[in-house]
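Structure first, then comments.
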There are 2 protein chains.
Amino acid sequence: MGRHREFDVDKALDAALCVFWRKGYEGASYADLTEAAGVERPALYSAFGNKEALFRLALARYYERYLDYIPVALELPTSREVAAHILYNAIDLNTRYADHTGCLGINGVLAGSDEAEPVRQALIEARAEGELQLRERFERAKAEGDLPETAKPDALAAFLLAVLHGIAVQAKAGFSRETLRAVADQALSTWPR
Amino acid sequence: MGRHREFDVDKALDAALCVFWRKGYEGASYADLTEAAGVERPALYSAFGNKEALFRLALARYYERYLDYIPVALELPTSREVAAHILYNAIDLNTRYADHTGCLGINGVLAGSDEAEPVRQALIEARAEGELQLRERFERAKAEGDLPETAKPDALAAFLLAVLHGIAVQAKAGFSRETLRAVADQALSTWPR
DNA sequence: GTGGTTTAATAACACTCGTTATGAAAACAT
DNA sequence: ATGTTTTCATAACGAGTGTTATTAAACCAC
């Protein structure tokens, strides 16, 4: 039985999540991470492992704690409500915190060094997972007559994800909620009935 | 009268552009840049200045040489043709080269370190410039009756840019041209008339 | 009070980063 | 053949990167 851990692991992970959300995986240094977490480097290593492991934990937390509106959306009665719920909640999340806007799934790594490739692939897979869920939901909508026979669930899912990604980029660039909502409105106006 | 420069400055800049396109500003190291350009570091410095200056030159070249379909699009007769031309050409460009997909305007810096902030702002401004051009074009379309009175040129421009950014993210993630075209088709499906 | 275990802080490691100093090579004028 | 200028390659600089070794501190069982 040894020394108790002196810092709140949960809060430290939250702090690291915010740094990665703001600066991306490669843009975030241990100087940033330790300052935000209020913990020295060896302590971060002891609690979370290396930088990549820390990022993966932060990403998992991001999906669990911040994207909880997605399973809710998938249970809504119509495909248009699903899309609307996701779009407007994403806009809210992407603009909620002044010091880290956008989406971790996009900010993490878009283009990076060779060393960042495993993390970039992890992000691609996480986004693909979400897209699969959407596609399946839209297939169900089609089967139920909520979407017309001519509708293409895969294209709709890809379209919705594209708009979400674009909104994340724009939020990170400082676009207003009003503008982002107008983008979402326009996207929904194309929704098949 | 001294020694002649031994490398092709034009080709070296192209090579650097490709590295930045693939790895982003921070993900690209001088090891990458010198290997791709076939030139030693002091020679790159001599010809282009520091890393940030090199990136800015690469970005200017990207806009001049690769985005030349945009002024063409802006002269098309209808707003829908403008949007379609840009979307399909962007998809072509974002998927043309197997070893650097996506768009430099997005891959450059989305989220980065404090040191990358000037570059990130330059990219935001470049994208904003393009959005302004679109907005003005759509305002003209509205004045000419090509877009209905209820249409909002600013929202349409922001929407089009969002889809373009989303497509760039998806192209960089390895999505097929077919999928990306379906996204564009969906975006255009109810373009206001 | 001692021993064993776990954690924390300091410092350093090995390496890479972007940048530059220095000497040599290649050019041209004389 | 020499002098001047420009460019190139090598090497190193100063700083920062992610990671870890070492010692001390804090805990608990006995």
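By convention in this document, chain letters (A, B, ...) are assigned in the order of the sequence lines, proteins followed by strands, and residues within each chain are numbered from 1.
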May I have the distance from [X] (atom [atom1]) to [N] (atom [atom2]), rounded to whole angstrom?
X	N	atom1	atom2	answer
A:L54	D:dT19	CG	C1'	14 Å
A:H4	D:dA29	NE2	P	9 Å
A:D8	C:dT7	CG	P	15 Å
B:E40	C:dT20	CD	C1'	14 Å
A:F55	D:dG18	CZ	P	14 Å

Query raised in the report: Is the backbone of B:S79 close enough, under 3.5 Å, to the side chain of B:D146 for a donor and an acceptor to pair up by distance?
Result: yes
Query raised in the report: Counting only N and O atoms by type, is there a donor-acceptor contact under 3.5 Å from the side chain of A:D32 to the main-chain atoms of A:S29?
Result: yes
Requested in this report: Could you label the plane-to-plane angle of the B:Y62 and B:W21 rings as parallel, tilted or perpendicular, counting under 30° as parallel and over 60° as perpendicular?
Outcome: perpendicular
Would you tabulate the nitrogen or oxygen pairs shorter than 3.5 Å linking the protein to nucleotides 12-17 of chain D?
{"residue": "D:dT17", "atom": "OP1", "partner": "A:S29", "partner atom": "OG", "Å": "3.4"}

Of the options [options], whose atoms approach the side-chain atoms of [X] most closely?
X	options	answer
B:N50	C:dT19, D:dG18, D:dC27	C:dT19
A:R5	D:dT7, C:dT7, D:dA9	C:dT7
A:R3	D:dA11, D:dT20, D:dA26	D:dA26
B:Y45	C:dG18, D:dT10, D:dC8	C:dG18

Requested in this report: For residues 103-116 of chain A, pull every pair meeting salt bridge (Lys or Arg N to Asp or Glu O under 4.0 Å), keeping only residues two or more places apart or in separate chains.
Outcome: A:D114-B:K23
Give the table of side-chain donor-acceptor pairs shorter than 3.5 Å for residues 165-184 of chain A, with sequence neighbours excluded, one pair per line with atom names and distance.
{"residue": "A:H165", "atom": "ND1", "partner": "A:L161", "partner atom": "O", "Å": "3.4"}
{"residue": "A:Q170", "atom": "NE2", "partner": "B:A158", "partner atom": "O", "Å": "3.1"}
{"residue": "A:K172", "atom": "NZ", "partner": "A:R22", "partner atom": "O", "Å": "2.9"}
{"residue": "A:S176", "atom": "OG", "partner": "A:T179", "partner atom": "N", "Å": "3.1"}
{"residue": "A:S176", "atom": "OG", "partner": "A:T179", "partner atom": "OG1", "Å": "3.0"}
{"residue": "A:R177", "atom": "NE", "partner": "A:T95", "partner atom": "OG1", "Å": "2.6"}
{"residue": "A:R177", "atom": "NH1", "partner": "A:D92", "partner atom": "OD1", "Å": "3.4"}
{"residue": "A:R177", "atom": "NH2", "partner": "A:D92", "partner atom": "O", "Å": "3.2"}
{"residue": "A:R177", "atom": "NH2", "partner": "A:D92", "partner atom": "OD1", "Å": "2.8"}
{"residue": "A:R177", "atom": "NH2", "partner": "A:T95", "partner atom": "OG1", "Å": "3.3"}

Query raised in the report: So, A:Y88 versus A:Y69, ring centres under 6.0 angstrom or not?
Result: no
Report task. Please tell me which of A:E6 and A:E52 maps to the more 5' nucleotide of DNA chain D, matching each residue to the nucleotide holding its nearest heavy atom. Result -> A:E52
